[in-house]
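Right, one structure below, let's go through it.
Numbering of ligands and ligand atoms starts at 1, following listing order.
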Amino acid sequence: MNKKKLHIKTYGCQMNVYDSGKMSDVLADQGFENSDQMEESDLIILNTCHIREKAAEKMYSDLGRIKKIKDKRTKNDKDTIIAVAGCVAQAEGQEIIKRAPIVDIVVGPQTYHRLPQMVTNAQKAHSKYGLELDFAAEEKFDSFPQIKSVEGSKTTQSSAFVSIQEGCDKFCTYCVVPYTRGAEFSRSVKDVENEIKKLLDQGIKEIYLLGQNVNAYHGRGFELDKWSLGRLIEHIAKMDEVKRIRYVTSHPRDVDDELIAAHRDIDKLMPFLHLPLQAGSDRILKEMNRQHTVEHYMKIIDKFRDARPDMAFSSDFIVGFPGETEEEFLGTMRAVEQVRYASTYSFIYSPRPGTPAATYEDTVSLEEKKDRLQRLQALINECGKEFNQNSVGKIMPIMFDRQSKKDGQIAGSSPYLQPVHIDTNEPEKYMNKIINVRIDKAFPNSLHGIVVE
Ligand code: SAH
Ligand code: SF4
Ligand code: F3S
């Protein structure tokens, strides 16, 4: 039987990457195989992101392109089914079909397990569309163990995502996530452990734990107790085949002593933490409802550094939040100077429909926002370069898991997620292994090294 072709385009965060993997796993059981050719596919899924206006608009321009592909097809050609999944689907629901009638299925992030049925229905009665927007996180995760393959969670041959927590109860005033992903939900330890075991059987070495607020994890343990993220990491680290553990994204309010102790005691836990600060002014943090001060954040950074001196950090920042003054923006610059982040993401504030901040008066001109972003990014790049430069001369364990673009080179990741390249004509000797490498050259976004035998 000819397999049907599935093309998934993923926008947004790692959680969406993970979800796309799960959708492709769930549909593989139904005879679909992945294709990177949108044009030739029987089912196209756009797994969308609603975090900023631009992200949502991208989906509509892609739908326009897909319509052209569909229009070109002959009548006897079987129709392509178009599904919109993810956070735009959750936020806009039926509106999407009104704006883009070529869409057959709209499916929110908590209902992917119902996708096979929706696809079957759409195939049967092509004109009727399907809509699934429940918040059914428990049901979603309960259905995962039935999936035969866990191919979709892999990001390389050595590393894989495992979602342990979904949703957010923080309600930062600028953010859509609590509305698109629903309330915080944690998977049980047993469930997480089973998924990791499947991945280890396939040679995975690095487990990347995911959650919208991953350190708010409070999953059920083996008794009827609740486990923190620190405790879960300690448990995962006991599995021999797990060589590296990472987690993302954390909230400063949910950092606890168990997590800091895990960084002190567990070598498999990488000394790297993505801890978004968002802004370097207490007034703006308050307006954002972040529920902590800059000082509190800096204290957390110090605690991690005390526990693990080689710990490095990354962050997210928003510039041009309504009412942000030049002086408040300079607070953000000072915070970056103080922490000297290894890497950082920065965004111009984008008002999102339905969030409290969207009703605040936008006092910062677009010109000013762009200027602030530019100044911030210049500083961030300087810190990133400095961090890479400081790696030169060090010996670091590198997990090799991919070919470099350059012939005769392979690439891997340092504990700090820096891409590291080595020259070799025996790639199989190092692939899917963690090898000590002496770093001899630094570039703005990568490193080069020589294997230490
Ligand atoms: N749960 C994570 C963030 C998820 S969204 C956390 O709390 O840190 C990823 C990043 O997008 C955020 O950290 C924030 O910096 C940015 N972001 C979210 N909403 C935004 C908006 N309305 N405009 C601009 N940036 C936004
Ligand atoms: Fe959004 Fe704030 Fe929740 Fe992060 S913590 S997902 S920024 S509401
Ligand atoms: Fe975007 Fe949804 Fe992730 S809005 S950032 S895809 S949680």
Using non-hydrogen atoms of the residue, decide whether Arg290 is closer than 4.0 angstrom to ligand 2. yes
Tell me, which protein residue and heavy-atom name are nearest atom 21 (C) of ligand 1, and how many Å apart are they? Ser350 O, 3.6 Å
Count the heavy atoms belonging to other residues, nucleotides or ligands that lie under 6.0 Å from CZ of Arg305, then report whether that count exceeds 12. yes
Under 6.0 Å between ring centres: does that hold for Phe141 and Phe185? yes
Contact between ligand 1 and Ile318 is defined here as a heavy atom of the residue under 4.0 Å from a ligand atom; is it met? yes
Is there a polar contact, in the sense of an N or O pair closer than 3.5 Å, between Gln278 and ligand 1? yes
Within-shell test, Arg253 vs ligand 1, heavy atom, strictly < 4.0 Å: no
Heteroatom proximity flag, Arg52 to ligand 1, N/O under 3.5 Å: yes
Would you check the N or O atoms of Tyr349, main chain and side chain alike, for any that come under 3.5 Å of an N or O of ligand 1? no
Distance-only N or O hit between ligand 1 and Tyr174, under 3.5 Å: yes
Atom indices of ligand 2 within 4.0 angstrom of Tyr174 heavy atoms, with elements: 7 (S)
Quick check on contacts: which atoms of ligand 3 are under 4.0 angstrom from a heavy atom of Gln212? 7 (S)
2.8 Å cut-off (strict), protein N, O or S atoms about atom 2 (Fe) of ligand 3: 1
Can you check atom 4 (C) of ligand 1: any protein non-hydrogen atom closer than 4.0 Å? no
I'd like to know whether NZ of Lys67 has more than 12 heavy-atom contacts from other residues, nucleotides or ligands below 6.0 angstrom. no
Is ligand 1 under 4.0 Å from a heavy atom in the side chain of Arg181, in the backbone, in both, or in neither? neither
Ignoring hydrogens, tell whether any protein atom lies closer than 4.0 Å to atom 18 (C) of ligand 1; use the non-hydrogen atoms only. yes
Quick check: Gln212 and ligand 1, any N/O pair under 3.5 Å apart? yes
Touching ligand 1 at all, Val177? Heavy atoms, strictly under 4.0 Å? no
With the threshold set at under 4.0 angstrom, would you say Thr355 reaches ligand 1 through any of its heavy atoms? no
How many protein N, O or S atoms are found at a distance of less than 2.8 Å from atom 3 (Fe) of ligand 2? 1
